[in-house]
Amino acid sequence: MSDVTELTELTALRLLDGYRRGEFGPVEATRAALERAEAVQPEVNAFVRLLAEDALERAAESQERWRRGEPRGLLDGVPVTVKDILLLRGAPTLKGSLTIDPAGRWDEDAPAVARLREHGAVFLGKTTTPEFGWKGVTDSPLSGVTRNPHDPARTAGGSSGGAAAAVALGAGPLALGTDGGGSVRIPAAFCGIFALKPTYGRVPLYPASAFGTLAHVGPMTRDAADAALLMDVIGGPDSRDWSALGPAAGSFSEGLAGGVRGLRVAYSPSLGGQVRVVPEVAAAVRRAVERLAGLGAYVEETDPDLADPVEAFHTLWFAGAARVTQHLGRDQRALLDPGLREIRAAGARHSALDYLAAVDVRMDLGRRMGRFHDTYDLLVTPTMPITAFEAGAEVPKGSGHHRWTGWTPFTYPFNMTQQPAATVPVGADADGLPIGLQLVAARHRDDLVLRVAHTLYEAGVTLCGS
């Protein structure tokens, strides 16, 4: 198999199997992914930069290792993209901002990137982000608007919108994203792919995010099996992150089997009536939940004891925005995204007592969810209450929302609690726009989230089944 279209549709696991069998090599797969990226870039704008020359050079090195029967690590020769929030040695990391000088040394990898390099992955390029990853859609003063692969008039979501669009379009089967309030899950739901926000600390992060312990690094992939493989790589320790967890108890890939029989699943369609979910989304998620029940899970429609923590989240988030832009002078601040200027000003007005009060809300939220998971193994919700709206806007037209948090109430609470949460594509609306289902488990049960997601893929429930 060497057809470009076919190669760009393969998962990472299928690529590795093809390398092993000698059906094709990393050079063919990398060239196909680069050609796809270049073809879709003018319409979708998923990339800040492509690294074609370096990628093909690394693919050739990988191909020689495979020829000798000596592949390096778990991902040798697999094309990967990196969100332009994370350091990638040899390429500027500009974070969607005109305030960062590209003429830096750029001689260090972020921990997840370093683990990928050790395992022989091929870096295709850096994907787009809103400025400093501050909002749930992807547009920035640096790179403009990133669009949805299912309808370029719609948003790809954010803040890892470029990563989601790249995976959905076949420009590499694996992507690294970041998630501080939903930023891998929002765009994955809008673009019809899988994404996992791991338990905080499971994937080391360096440099530390200005948004503190809200910020996670997570895999964005074509299915749950690829995400488990990627987690086996990027979950490795790194001494630069003082808050990182110790090594995982076992392989995430090996933990995918086992199904859902006997699991206690709580299905919350609207967080106790707090969220208005559009009917097509509600119906698609309910059908998937019914399938879980059919596969042997004990499903109960119930809600966690949660009041919307949005004000506390805003205090923490806006303070982070103030911190990340604190060093900028007046002329540089004028270059910022206007919305970012607004929230940084709000964040600068918060006192230490305001911040600590928000931390109190966060800790109580974590306590409530901990108690909830004493009864239920898993919480299932819609990922988003809506499908993708118009590109270039922070909020849907006519929604009445002022900030992006208004239309993504299912995601940011679980950044507050640091729990693993994933989105699985489970259908599409009448316009062909993807619908996502969110799976949430207790802290440190990333394996359970991945296993249930994999079961849905294996059962053919997903929009893009494997």
Shortest non-hydrogen contact from [X] toward [Y]:
{"X": "S62", "Y": "P26", "answer": "OG-CG, 3.4 Å"}
{"X": "D232", "Y": "F252", "answer": "OD1-N, 2.7 Å"}
{"X": "I85", "Y": "G133", "answer": "CD1-N, 3.8 Å"}
{"X": "I343", "Y": "A321", "answer": "CD1-CB, 3.6 Å"}
{"X": "T417", "Y": "M369", "answer": "CG2-CG, 4.0 Å"}
{"X": "P187", "Y": "G157", "answer": "CB-C, 3.8 Å"}

So, [X] versus [Y]: side-chain donor-acceptor pair below 3.5 Å or not?
{"X": "R344", "Y": "T325", "answer": "yes"}
{"X": "N415", "Y": "R362", "answer": "no"}
{"X": "T178", "Y": "H216", "answer": "no"}
{"X": "T128", "Y": "T146", "answer": "yes"}
{"X": "K83", "Y": "S159", "answer": "yes"}
{"X": "D84", "Y": "T129", "answer": "no"}
{"X": "Q438", "Y": "T381", "answer": "yes"}
{"X": "S97", "Y": "E131", "answer": "yes"}
{"X": "D308", "Y": "Y412", "answer": "yes"}

Check for a donor-acceptor pair, side chain of [X] on one end and backbone N or O of [Y] on the other, with a separation under 3.5 Å.
{"X": "Q41", "Y": "A46", "value": "yes"}
{"X": "Q274", "Y": "L271", "value": "yes"}
{"X": "T408", "Y": "T405", "value": "no"}
{"X": "T199", "Y": "R202", "value": "no"}
{"X": "T383", "Y": "L437", "value": "yes"}
{"X": "R341", "Y": "A334", "value": "yes"}

Distance (rounded to the nearest 0.5 Å) between [X] [atom1] and [Y] [atom2]:
{"X": "L316", "Y": "T213", "atom1": "CG", "atom2": "OG1", "result": "8.0 Å"}
{"X": "I386", "Y": "I435", "atom1": "CD1", "atom2": "CD1", "result": "11.5 Å"}
{"X": "D223", "Y": "F194", "atom1": "CG", "atom2": "CZ", "result": "8.5 Å"}
{"X": "L230", "Y": "L75", "atom1": "CG", "atom2": "CG", "result": "6.5 Å"}
{"X": "L169", "Y": "E43", "atom1": "CG", "atom2": "CD", "result": "9.0 Å"}
{"X": "F414", "Y": "R443", "atom1": "CZ", "atom2": "CZ", "result": "14.0 Å"}

Does the distance from a Lys or Arg side-chain N to an Asp or Glu carboxylate O, for [X] and [Y], drop under 4.0 Å?
{"X": "D431", "Y": "R154", "result": "yes"}
{"X": "R451", "Y": "D447", "result": "no"}
{"X": "D238", "Y": "R115", "result": "yes"}
{"X": "D151", "Y": "R147", "result": "no"}
{"X": "R403", "Y": "E342", "result": "yes"}
{"X": "E6", "Y": "R14", "result": "no"}

Please evaluate residues W134 and F211 with respect to the criterion ring pair (Phe, Tyr, Trp, His ring centres under 6.0 Å), reporting the C-alpha separation (whole Å), side-chain torsions for both, the decisive distance (0.1 Å), and the verdict. CA-CA 9 Å; W134 81 270; F211 298 105; 9.4 Å; no

Going by the angle between their ring planes, with limits at 30° and 60°, are W407 and F190 parallel, tilted or perpendicular? parallel

Before you tell me yes or no, could you show the steps for L16 and V78 under side chain to side chain contact (heavy atoms under 4.5 Å, CB included), namely the whole-Å CA-CA distance, both residues' side-chain angles and the distance that decides it to 0.1 Å? CA-CA 7 Å; L16 289 165; V78 176; 3.7 Å; yes

Taking it one step at a time, do D429 and V281 satisfy side chain to side chain contact (heavy atoms under 4.5 Å, CB included)? CA-CA 7 Å; D429 69 8; V281 171; over 6 Å; no

Go through V122 and V80 one step at a time and tell me if the side chain to side chain contact (heavy atoms under 4.5 Å, CB included) criterion holds. CA-CA 6 Å; V122 173; V80 180; over 6 Å; no

May I have the step-by-step check of side chain to side chain donor-acceptor pair (under 3.5 Å) for T93 and K126, ending in yes or no? CA-CA 8 Å; T93 298; K126 302 297 290 289; 3.0 Å; yes

Is it true that atom CZ of R323 has more than 12 heavy atoms of other residues, nucleotides or ligands lying nearer than 6.0 Å? no

Flag yes if more than 12 heavy atoms outside E301 fall under 6.0 Å of its CD atom; otherwise flag no.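 Atom CD in E301 is packed in, count exceeds 12.
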
For K135 and D337, run salt bridge (charged side-chain N to carboxylate O under 4.0 Å, His left out): C-alpha distance rounded to whole Å, both residues' side-chain angles, the deciding distance at 0.1 Å, then the answer. CA-CA 11 Å; K135 60 183 173 179; D337 179 325; 3.0 Å; yes

Under the side chain to side chain contact (heavy atoms under 4.5 Å, CB included) criterion, do V395 and H402 qualify, and how do the steps go? CA-CA 7 Å; V395 301; H402 180 55; over 6 Å; no

In this structure, which one of D54, D76, D109 forms a salt bridge (charged side-chain N to carboxylate O under 4.0 Å, His left out) with R117?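 The option that passes is D109.
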
